[in-house]
Amino acid sequence: MMASDDDKTLGMRIMKLSRLLRLRFDRRAAGAGLTSAQWRTIACVRRFPGATQREIAGLLEVGEVTVGRSIDRLADAGWLERRADPADRRAYRIHLTGAIDPLLGELAAIGAAEDAEALAGFSAAEVAELTAMLGRITANLGGEVDPAVVSECGAG
């Protein structure tokens, strides 16, 4: 099968790479008893502690009901908790609990193993150069964008 011109664009290549990395991480995280939605929710709450369910749904670009189910399961497992928002009696803020620390260690190990496989054959200098180039691309495209606009919680 011949690659189309779309397959040659930077965006398509990065999208395909992102998808492949996510699918591989999903398989490994499933061994830890997590669904993709759950580990993405954990990653989002870890990055934005105290976010509301609505904010998390927006960051993950999924519906509030979907995130709510994930939060429910993670709270039932003791890994997340809902805390009342002192400024809004209708809202709850989502936080990680200390019980999640061993799981975070396991997820970090999975991520490190995936990075090692993805970067096999690269020298330390090449990895540093790639990291710098990706940082430059990010800066060229606006750098750190308002999290309400761009999904910030997808990677493991």
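Numbers here simply count residues along the sequence, with the first being 1.
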Intermediate values then yes/no, salt bridge (Lys or Arg N to Asp or Glu O under 4.0 Å), Arg93 and Glu55: CA-CA 10 Å; Arg93 300 284 173 177; Glu55 291 166 340; 3.3 Å; yes

Closest approach of Ala29 to Trp39 (non-hydrogen atoms, all atoms of both residues): CB-CD1, 3.7 Å

Side-chain heavy-atom pair Leu104, Ile42 within 4.5 angstrom cut-off: yes

Hphob cluster co-occupancy, Met133 + Val127, side-chain heavy atoms under 4.5 angstrom: no

Charged N-O contact under 4.0 Å between Arg28 and Glu106: no

Using distance only, find each side-chain donor-acceptor pair of residues 68-78 under 3.5 Å and give its atom names and separation, not counting sequence neighbours.
unit_1	atom_1	unit_2	atom_2	d
Ser70	OG	Ala37	O	3.4
Ser70	OG	Thr41	OG1	3.1
Asp72	OD1	Arg82	NH1	3.1
Asp72	OD1	Arg82	NH2	2.8

Any donor-acceptor pair under 3.5 Å from Gln53 side chain to Glu64 backbone: yes

Other ILVMFWY residues reachable from Leu21 by side-chain steps of under 4.5 Å: Leu17

In one Ile/Leu/Val/Met/Phe/Trp/Tyr side-chain cluster, 4.5 Å: Leu103, Leu96: yes

Gap separating the OG1 atom of Thr131 from the CG atom of Leu119, nearest 0.5 angstrom: 7.5 Å

Nearest-0.5 Å distance, CD of residue Glu61 to CZ of residue Arg40: 8.0 Å

Atom CD of Glu129 with >12 non-hydrogen neighbours under 6.0 angstrom: no

Interatomic distance, Leu34 atom CG to Ile110 atom CD1 [nearest 0.5 angstrom]: 8.0 Å

Minimum-distance pair of heavy atoms, taken over all atoms of Ala57 and Val67: CA-CG2, 3.6 Å

Partner set under side chain to side chain donor-acceptor pair (under 3.5 Å) for Glu81, not counting sequence neighbours: Arg83

4.5 Å side-chain heavy-atom contact, Leu60 and Thr66: no

Non-hydrogen side-chain atoms of Phe48 and Ile94 separated by less than 4.5 Å: no

Separation of Arg19 CZ from Asp26 CG (nearest 0.5 Å): 10.0 Å

Heavy-atom closest pair, residues Thr97 and Leu80: CG2-C, 3.8 Å

Pairwise distance CG(Leu20) to CZ(Arg24) - rounded to 0.5 angstrom: 6.5 Å

Reported CZ-to-OG1 distance for the pair Arg90 and Thr52, which is rounded to 0.5 angstrom: 11.0 Å

